[in-house]
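Accompanying notes for the structure given below.
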Amino acid sequence: MKIFIDTASIKEIREAASLGLLDGVTTNPSLVAKEGKNFRAMLDEILAIVDGPVSAEVIATDYEGILKEGRELAAIHKNIVVKVPLIKEGLKAVRTLSSEGVKTNVTLCFSPAQALLAAKAGASYISPFVGRLDDISHNGMQLIEEIVQIYRNYDYQTEVLVASIRHPLHFVEAALIGADVCTMPFSVIDKLFNHPLTDSGLKKFLSDWEKTQK
Ligand code: E4P
């Protein structure tokens, strides 16, 4: 399963990339706004750090506007993936962009029907938001199971990019289901390394070794 970081923070992206396990980056308008920097300059910095897919979201919500922004974003770099909201105009634009060879990530997916339509439109990635579903007492991971099953049934090539991940269990469940990608905040990536038995075991190994040095 591929690991993407879900942030626009250059510091976090640099740190995650230094671990040698990072496959790509997803951003969204809220994450970009949080950094308070110029979007284009931010993208250039991200693209220089990570040699993998970098999702950049359009702001337009009409077909022509999404196409214009999407083509401009795609022209920046071969690794740019144009992030498009799952609305009618968005999927129309995804169809056109994908026919032009532009990679797309369809975002704000909350149902299997939406995911099926995105695959039919030719999306490169579908982003179902598990945490936001859990937040309203729906089962986010059930949505991932359903999408993976539907894509298998029809051999769709659209990659399932599990988004809105809140904790390591989401990551493990996504992997068990067979999702293609997980995108996570740095705080969750950091937690994946930890286990208290690793810490106590290592402490014991080192203190026992120390005794042999006397
Ligand atoms: C996905 O690409 C989104 O950027 C993201 O995962 C949303 O996560 P949130 O629900 O924590 O805002």
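One-based numbering, in listed order, for ligands and for the atoms of each.
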**Request:** Sort and list the pairs that fulfil side-chain hydrogen bond (donor to acceptor under 3.5 Å, both in side chains) and have at least one residue in residues 30-48, not counting sequence neighbours.
**Result:** Arg40-Asp44
For [atom], find the nearest protein heavy atom and state the residue, atom name and distance (0.1 Å precision).
atom	result
atom 7 (C) of ligand 1	Phe129 CE2, 3.6 Å
atom 4 (O) of ligand 1	Asn28 ND2, 2.7 Å
atom 5 (C) of ligand 1	Asp6 OD2, 2.8 Å
atom 8 (O) of ligand 1	Ser164 CA, 3.4 Å

**Request:** Check if Lys83 has a non-hydrogen atom at a distance under 4.0 Å from any atom of ligand 1.
**Result:** yes
**Asked** Would you say ligand 1 has an N or O under 3.5 Å from any N or O of Arg166?
**Response** yes
**Prompt:** So, Thr26 and Thr183: side-chain donor and acceptor under 3.5 Å apart, yes or no?
**Reply:** yes
**Message:** Only heavy atoms of Arg132, strictly under 4.0 Å: list the atoms of ligand 1 that pass.
**Reply:** 7 (C), 9 (P), 10 (O), 12 (O)
**Request:** Give the atoms of ligand 1, by number and element, whose distance to some non-hydrogen atom of Ala163 is under 4.0 Å.
**Result:** 1 (C), 6 (O)
**Request:** Spell out, as yes or no, whether a donor-acceptor pair under 3.5 Å connects the side chain of Gln114 to the backbone of Phe110.
**Result:** yes
**Prompt:** Would you find a donor on one side and an acceptor on the other, under 3.5 Å apart, between the side chain of Asn79 and the backbone of Val54?
**Reply:** no
**Request:** Mind checking salt bridge (Lys or Arg N to Asp or Glu O under 4.0 Å) for Arg71 and listing every partner two or more places apart, or none if nothing turns up?
**Result:** Glu100
**Pairing of Asp135 and Arg132 as salt bridge, 4.0 angstrom limit** = no
